[in-house]
Protein chains: 2
Amino acid sequence: MRADILDAARKLFGTKGYTVTSTADLAEALGVTKGALYYHFKSKEAILSALVAEPAAEIAELAAHAGERTPRELLGALIDLQAHHPAAYMALQSGDASVLQEHSQRHDFAGRTELIILAIAGPDPSPIQLIRARMAVVAVKEGAMAALVEGGGKLTDQMRLDLLQAAAATLDAGGRASD
Amino acid sequence: MRADILDAARKLFGTKGYTVTSTADLAEALGVTKGALYYHFKSKEAILSALVAEPAAEIAELAAHAGERTPRELLGALIDLQAHHPAAYMALQSGDASVLQEHSQRHDFAGRTELIILAIAGPDPSPIQLIRARMAVVAVKEGAMAALVEGGGKLTDQMRLDLLQAAAATLDAGGRASD
DNA sequence: GTCTATAGCGGGATAGAC
DNA sequence: GTCTATCCCGCTATAGAC
């Protein structure tokens, strides 16, 4: 039942957004009443928190060892993250900024991502290199999401390679990026 | 005063998100009371609508003539759009999905953007070409935003070129994109 | 043109029956 | 474990004084 609630939340938070989804919506989607939800979760926010916990842990992992990996490996890891937790990511992306802020602070999403971006940009990056790294990161996210939609939830190896190629091209566009 | 309200709304909607920003927040930021706002605007949503109107018109313009322009020109136009209306764009991006849906339907943001993406992808695009176009579009958006932050609101010609270069690289990464 | 006061409503959360 | 009923708060919007 906990799992059912999380499934429904994944879907609703991902499509409508967290704030706009009411506990009543959730209950209705499950065919139960609001009260029933509160037996399994302490609050509405606890549901979101549970949803976000796993991907958050993986991002922390990735950020911790970001320095040891190549930009390409990092971009690939981001693709895989997105592929494994598409809905949770959707929820984070389409959720309001306020939710992003709360959970970014709790799980330090922004900080982790920044570390990864820095690692992708390379040592002592110029402003343009940093920006290119940011562009590459959002590009893989967007690309992975689009590819998942396209492939009905599946991401082929070929597609993964193509995404990687496209995003990596951003990094050393116009020549000298000292990666 | 209308302008002051829009300024405050630009800032608050852009940072906190539309739904989460209350009319009380808005009034407090302006040093007036909620009631005062309703003299100038019919509703909270009317404020957002006014904010979004200009960029929406420009996007419609761009989408209407998308076929006549090269991918590079389109990406450049998107950069300029973002540079001219950074806050409105922020509001749209960080706003909840529900707001995006409502105003996307009203101004057909999604549809316009899709047209532009199609034009960037070129005629009869493969799935990967389409995805690359999507990646390039989010990349210029992210890049333009980052560059604006970096430059304190100013976007130099050099920076604009760099962004364009980086995003364009995504399009024909790994060789054959028939643009 | 800006204020106070308040109506009206939706949503999160709790209590207690079953 | 799920239900009904209810409390309470915050928010949008309105009415009317100044």
Side-chain angles (χ1 to χ4, degrees), chain A residues 1-53 88 91-92 94-107, chain B residues 1-53 88 91-92 94-107:
Chain A
M1 176 51 47
R2 242 189 91 99
D4 295 333
I5 294 174
L6 288 177
D7 283 346
R10 241 185 289 275
K11 192 178 302 180
L12 287 173
F13 291 173
T15 53
K16 298 179 51 175
Y18 170 76
T19 310
V20 189
T21 303
S22 68
T23 52
D25 292 336
L26 229 38
E28 187 189 346
L30 289 161
V32 299
T33 57
K34 287 192 295 174
L37 297 181
Y38 283 85
Y39 176 80
H40 299 281
F41 288 95
K42 195 181 113 280
S43 68
K44 184 189 174 190
E45 218 207 326
I47 299 177
L48 178 61
S49 220
L51 263 189
V52 173
L92 279 174
S94 63
D96 346 0
S98 69
V99 181
L100 275 175
Q101 277 168 18
E102 285 173 30
H103 284 262
S104 282
Q105 278 159 19
R106 179 171 310 181
H107 297 297
Chain B
M1 173 55 43
R2 241 188 93 97
D4 294 333
I5 294 174
L6 289 177
D7 284 345
R10 242 186 287 276
K11 191 177 301 179
L12 287 173
F13 291 173
T15 53
K16 299 179 52 175
Y18 171 76
T19 310
V20 190
T21 302
S22 68
T23 51
D25 293 335
L26 229 40
E28 187 190 345
L30 289 162
V32 299
T33 57
K34 287 191 295 175
L37 297 181
Y38 283 86
Y39 176 81
H40 300 280
F41 288 95
K42 195 181 113 282
S43 67
K44 183 189 174 189
E45 218 205 327
I47 299 177
L48 179 61
S49 220
L51 263 189
V52 173
L92 279 175
S94 64
D96 346 0
S98 68
V99 181
L100 276 174
Q101 277 168 17
E102 285 172 29
H103 284 263
S104 281
Q105 279 158 17
R106 177 172 310 180
H107 296 297

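Numbered from 1 within each chain, the chains take letters A, B, ... in sequence-line order.
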Hey, could you give me the CG/CE distance between A:Leu37 and A:Met1, rounded to the nearest 0.5 Å? 9.0 Å
Just jot down the side-chain contact (heavy atoms from CB on, under 4.5 Å) partners of B:Phe41, sequence neighbours excluded, or say none. B:Arg2, B:Ile5, B:Leu6, B:Ala46, B:Ile47, B:Ala50
What pair of heavy atoms forms the shortest contact from A:Ala29 to A:Leu12, and how long is it? CB-CD1, 4.1 Å
Under the side chain to side chain donor-acceptor pair (under 3.5 Å) rule, what pairs show up with a residue in residues 20-30 of chain A, not counting sequence neighbours? A:Lys16-A:Asp25, A:Ser22-A:Asp25
Identify each atom pair where a protein N or O and an N or O of nucleotides 6-13 of chain D are less than 3.5 Å apart, giving names and distance.
from	atom 1	to	atom 2	distance (Å)
D:dT12	OP1	B:Lys44	NZ	2.8
D:dT12	OP2	B:Thr23	N	2.8
D:dT12	OP2	B:Thr23	OG1	2.9
D:dT12	O4	B:Lys34	NZ	3.4
D:dA13	OP2	B:Tyr38	OH	2.7
D:dA13	OP2	B:Lys44	N	2.9
D:dA13	N6	B:Lys34	NZ	3.2

Not counting sequence neighbours, which residues clear side-chain contact (heavy atoms from CB on, under 4.5 Å) with B:Thr33? List them please. B:Ala36
With B:Asp4, which residues qualify under side-chain hydrogen bond (donor to acceptor under 3.5 Å, both in side chains), at least two apart? none
Roughly how far, to the nearest 0.5 Å, is the CG atom of A:Leu51 from the CD atom of A:Glu45? 12.0 Å
What is the first contacted nucleotide of DNA chain C and what is the last, in 5' to 3' order, if contact means an atom lying under 4.0 angstrom from a heavy atom of chain B? C:dG1 to C:dT4
